[in-house]
Amino acid sequence: MKKYKSLIILLMVVFVLTGCGKKNTSSSQSIVIWHDKEDAVIKVLEKHLKETVPEVEVTFEKKTGLTESLKLVGNDPSSAPDMYLFAHDKLGVYAEMGILSPLTDFITKEELSDYIPLTLSSATYKGEIYQLPLYFETLLFVYNKKYMSDEEVPKTTEELYKYMVSKTKYGHYGFVEQHSTPYYAVGWVHAFGSDYISSDGVPLFDTEEMKEALSYHKKFVSLMPGETEYATVNTLFLEGMAHTSIVGPWFVPSIKDKGIDVGFAQMPVVDSTGEPISPYCGVQGVHVIKVHAEEKKEAITKVLKALMSPQVGVDLALSTGAAPSRLSSYENEEVKNNTLVMLMRQTAESAAPMPNIPELDPIFVVAGNLLTDINMSGMDIDEAAEKAQKKALELIGNMR
Amino acid sequence: MNKKNLRKKTLIAYAASAPALILIASIVVFPIIYTLYISLTNMNTYHWFNYEIIGLKNYQRALTVFDSGFFSALLTTILWTVVNIVIQLIIAFIVANLLNSPLIKHQKRLYETILMFPWAMPGYVSILLWKTGMFNTQFGLLNNWVQKLGFESQRWLSSDVSAFICCTVVNLWLALPFMIMIMDGGLKSIDKCLYESATIDGAGKFKQAMVVTIPCLKPIIGPSVVITIFTTFKTFDVIYLMVLQTGAQTGAHIQTIITYAYENAFITNNYGYSSAISIIIFIMLIAFSFVTSRRKNDDA
């Protein structure tokens, strides 16, 4: 018995010391793709790849901590994947780290001419395209038809405010959103012509436009719940306690499962600027990891070309409600008639692509603090904006 | 015993403990040495794999983090540690005594199991359950009760003081099982004759606690208290998840030194700089440890 115990302990030590993670030791005709997507998306891609490139063995591996894992093993040939499927906003970080291969190593720029320009510009960092866009998503204005008729849908933010004033009572809210979360609040900032950061990495927290946007937004926040997190805001809508909201497409299945008669509408236009609330647009697509790029060039090229098929976009749109990145996918009649997909495309056209520069990580933390300071702690806007600008500059400086 | 035999025995002893020493070295010592090494390099987003040694430059810059914000966080951390440890010791002492009471002789095991429950749950889950289940403005149990009593809903986590109290409650929930278990074990090990002698000498329950229980418990719970002080001092999860998590902030501005360092260094992806800050905090904790152990020795 003692011997067995010793053997078990020895084996445990060996496992701990050698690591028991799965290694990427596959052949040149097999591709490993890391992702963090829902099953519906992966099923579409798997099915399509099996049909079009059966000679390449493609394995999709779901990783919950994908972004951090890539930082750790991105250049390790034994652990890094060959490709990964993720939003475009992290590609600047990985490009700077030197773990990505430009897409043009496998396909020509001309072959990408059918893609919506917004998706291609999102996939580009310092002049190089690093992502093959598959679909894109943005936030949508949703309303519960039990409380708000199609005719009542606010066209402007002042109409929305009037609705909020009249309906926010007895535990009900006219409108809720994750008001102090940077990703959600940025739509208001864009409507005033500002952003958290410029394309060349300069923070914009102390601009007049930003302060004006924050001040105007606060008027609406005062009629929203004192919580900003995802679970509370979305539960209020699902439980019928919030009449309208701004949500991502990933939340739509939950609304439908709940049996809510839901309507989708264009974002309201801010009266004073004439611009709609314009959230960020996120482009989901595949990226090629440099470490295996040379050795598996043929297989990677085949997979990329297979994923470029307009049919992939069509299947994704019809099964998940995602908006395809290829223009020709929209020629399909079923896609054309899909209200959600078409609205997503329309909204995304006025949306701003989420920046893909490495400075975004600290900027989001600063923006979150700024929004909380103003909306939840009642800090003076000028003071909070000045503090945020100083902190953002300091953190960006500390990145190098 | 001759010298040869002694050397042989020593070698056998080292050989026997070698696997444990290797394991400790690989999971405790190696990360510290590696962090020290990284702190001397320029490892960041722009030099992720091609980093090089840059000397003490990161330490020079790291000192800028130790500004007024850091010192305010340090004071909060000290207050947090003192409050939590004092309350923990008092509650654990009372509960452990109750567990040893003859009145609950038959239900003792049941109570012990229930009291261990918070310890069995992952901290992350417990913290988020408290945050959404108890303190949430809309759906939390506390506001449910408050409303039923006819009062207005409260934002429990929005101001510094109330958020500090709420975080303390959650930390106590997480930490008490350990302290209760240690105290319970300590109480069981006290010789019953001492209580009998004290009773004969006319000491009441309070007097017995003061002259028998507490002095006998001190050396037994000492190491556990030191461990708990360190764990409490470097708290991150409770404060961060309750009030600071990006996308779920509540409006309170409580910062411990670890959350402050996280918000000012780690999010920059500058591992060289962040490692320098970690090493400085590590040195502070080691210094604190020396002071504590010295006092402990003096007391002994």
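Lettering follows sequence order; numbering is per chain, from 1.
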>> For A:Ile99, which atoms come within 4.5 Å of any heavy atom of chain B: side chain, backbone, both, or neither?
In response: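 The answer is the side chain of A:Ile99.
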>> Please classify the contact between A:Lys71 and chain B as side chain, backbone, both or neither, with a heavy-atom cut-off of under 4.5 Å.
In response: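 Both backbone and side chain.
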Hey, can you pull the donor-acceptor pairs under 3.5 Å for the side chains in residues 165-174 of chain B, sequence neighbours left out?
residue  : atom : partner  : partner atom : Å
B:Thr168 : OG1  : B:Phe164 : O            : 2.7
B:Asn171 : ND2  : B:Asn84  : OD1          : 2.9

>> Using heavy-atom distances under 4.5 Å, tell me whether B:Asn136 contacts chain A through its side chain, its backbone, both, or neither.
In response: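 For B:Asn136, backbone and side chain are both near chain A.
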> Which atom names give the shortest non-hydrogen contact between A:Phe364 and B:Thr246, and what distance separates them?
Replying inline: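 Looking at all heavy atoms of both residues, the shortest contact is O-CG2, 4.4 Å.
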>> Please find the pair of heavy atoms, one from A:Pro225 and one from B:Gln138, that lie closest to each other, and give the distance.
In response: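 Shortest heavy-atom contact: CB-NE2, 3.2 Å.
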>> Can you confirm whether the side chains of A:Asp373 and B:His253 place a donor and an acceptor under 3.5 Å from each other?
In response: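 Side chains of A:Asp373 and B:His253: pair found under 3.5 Å.
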> Without hydrogens or angle criteria, can the side chains of B:Thr137 and A:Glu227 be said to hold a donor-acceptor pair below 3.5 Å?
Replying inline: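 B:Thr137 vs A:Glu227: donor-acceptor pair found between side chains.
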Measure the [atom1]-[atom2] distance between [X] and [Y] for me, rounded to the nearest 0.5 Å.
X	Y	atom1	atom2	result
A:Asp76	B:Phe49	CG	CZ	9.0 Å
A:Asn369	B:Gln249	CG	CD	5.0 Å
A:Met97	B:Asn50	CE	CG	11.5 Å
B:Thr45	A:Ile357	OG1	CD1	12.0 Å
A:Leu395	B:Asn269	CG	CG	11.5 Å

